[in-house]
Amino acid sequence: MTYVVTDNCIRCKYMDCVEVCPVDCFYEGENMLVIHPDECIDCGVCEPECPAEAIKPDTEPGLEKWLEVNTEFADKWPNITIKRDAPADAKEYDGKDNKFELYFSAEPGEGD
């Protein structure tokens, strides 16, 4: 098992999860984070820290797509271990539908 970041992170990117991760397995895209599944130790401390409730165990049904997204982009984006401020409009996007189709960016973020 691993944890995955799902679509509600897109355009929210709160980063509370990054601060508590004991193995630094988060990677930063322009408008979301992902977890590297080979680095995640399945400790679960990140899940309750996410204000957008975007982190889920990959054992939940229907998360196969998100395991693929996390795997692909963790290899392309820079590692992030330091919490930064969320986007100013994060609350406006929290809970919106179809965020991947509408807002996802494959561009990398800043990283550390």
Side-chain angles (χ1 to χ4, degrees):
M1 185 184 90
T2 185
Y3 284 82
V4 294
V5 180
T6 61
D7 61 337
N8 205 42
C9 182
I10 299 170
R11 304 253 347 227
C12 289
K13 201 165 92 169
Y14 288 112
M15 295 195 187
D16 298 62
C17 53
V18 168
E19 195 170 55
V20 299
C21 181
V23 293
D24 300 332
C25 66
F26 282 88
Y27 290 80
E28 183 185 15
E30 180 179 35
N31 66 6
M32 79 172 290
L33 303 173
V34 293
I35 294 172
H36 196 300
D38 295 334
E39 296 173 3
C40 177
I41 61 170
D42 310 326
C43 67
V45 297
C46 59
E47 186 180 18
E49 295 299 318
C50 180
E53 298 181 359
I55 299 173
K56 307 285 183 194
D58 73 340
T59 53
E60 284 190 17
L63 294 181
E64 296 81 12
K65 168 188 174 178
W66 290 106
L67 180 57
E68 291 176 20
V69 168
N70 279 248
T71 302
E72 177 182 350
F73 290 98
D75 285 336
K76 296 178 179 179
W77 292 344
N79 188 243
I80 181 77
T81 62
I82 300 167
K83 178 184 174 183
R84 291 194 302 271
D85 292 335
D89 60 354
K91 287 184 181 176
E92 294 173 38
Y93 288 93
D94 192 353
K96 286 195 181 259
D97 293 330
N98 303 313
K99 289 171 75 171
F100 187 79
E101 295 78 12
L102 296 171
Y103 307 116
F104 176 76
S105 169
E107 294 300 312
E110 294 177 45
D112 283 347

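Please read these numbers as outputs of a predicted model, since none were measured by experiment. We number each residue from 1, following the sequence as shown. Because only heavy atoms are used, hydrogens play no part in the values below, and waters and symmetry mates are left out as well, while side chains stay in.
The shortest side-chain heavy-atom distance between Tyr27 and Glu39 falls under the 4.5 Å cut-off. In this structure, the side chains of Asn8 and Glu53 stay at 4.5 Å or more apart for every pair of heavy atoms. In this structure, Pro37 and Asp58 have side chains that are not in contact, with every pair of non-hydrogen atoms separated by 4.5 Å or more. Lys96 places none of its side-chain heavy atoms less than 4.5 Å from the side chain of Asn98. At a threshold of 4.5 Å between non-hydrogen side-chain atoms, the residues Phe26 and Cys46 count as touching. Between Val18 and Ile82 the shortest side-chain heavy-atom distance does not fall below 4.5 Å.
Here the CG-CG distance, from Asn70 to Asp75, works out to 11.0 Å after rounding to the nearest 0.5 Å. The distance from atom CD1 of Ile10 to atom CG of Leu102, rounded to the nearest 0.5 Å, is 9.0 Å. In this structure, NZ in Lys99 is found 8.5 Å from OG1 in Thr6, a value given to the nearest 0.5 Å. Of the inter-residue distances, the one linking Met32 atom CE with Tyr93 atom OH reads 15.5 Å to the nearest 0.5 angstrom. In this structure, Phe73 CZ and Thr71 OG1 are separated by 11.0 Å, a value rounded to the nearest 0.5 Å. In this structure, CD1 in Ile41 is found 7.0 Å from SG in Cys21, a value given to the nearest 0.5 Å.
A salt bridge (charged side-chain N to carboxylate O under 4.0 Å, His left out) check over residues 63-74, counting only residues at least two apart or in different chains, returns the pairs Lys65-Glu101, Glu72-Lys76. The side-chain hydrogen bond (donor to acceptor under 3.5 Å, both in side chains) pairs that include a residue from residues 103-112 are Glu30-Ser105, Thr81-Asp112, where partners are two or more places apart or lie in different chains.
A single hydrophobic cluster is not seen to contain both Val34 and Tyr14; linkage of ILVMFWY side chains at heavy-atom distances under 4.5 Å, directly or through other members, places them apart. In the hydrophobic clustering of ILVMFWY residues, with side-chain heavy atoms under 4.5 Å counting as a link, Val5 and Met1 come out together. The cluster map of Ile, Leu, Val, Met, Phe, Trp and Tyr, joined by side-chain heavy atoms under 4.5 Å apart, puts Val69 and Ile80 in the same cluster.
Every residue two or more places apart in sequence or in another chain was checked for a side-chain hydrogen bond (donor to acceptor under 3.5 Å, both in side chains) with Asn79, and none qualifies.
Of all heavy-atom pairs between Val45 and Glu49, the closest is O-CG, 3.3 Å. Across every non-hydrogen atom of Glu47 and Pro57, the tightest pair is OE2-CD, 3.6 Å. Pro87 approaches Cys12 most closely through the heavy-atom pair CD-O, 2.8 Å.
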Checklist entry - Given Lys13 and Asn31, is the side chain to side chain donor-acceptor pair (under 3.5 Å) satisfied, shown in steps? => result CA-CA 6 Å; Lys13 201 165 92 169; Asn31 66 6; over 6 Å; no

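In this structure, Asp89 places its CG atom where more than 12 heavy-atom neighbours from other residues, nucleotides or ligands lie under 6.0 Å away.
No side-chain donor-acceptor contact under 3.5 Å links Glu28 to the backbone of Pro78. At distances below 3.5 Å, not a single donor-acceptor pair connects side-chain atoms of Asp16 with backbone N or O atoms of Cys50. With hydrogens and angles ignored, the 3.5 Å screen pairs no side-chain donor or acceptor of Asp7 with any backbone N or O of Phe100.
Paired with Thr2 under the rule side-chain contact (heavy atoms from CB on, under 4.5 Å), one option of Asp38, Leu67, Thr59 passes, and it is Leu67.
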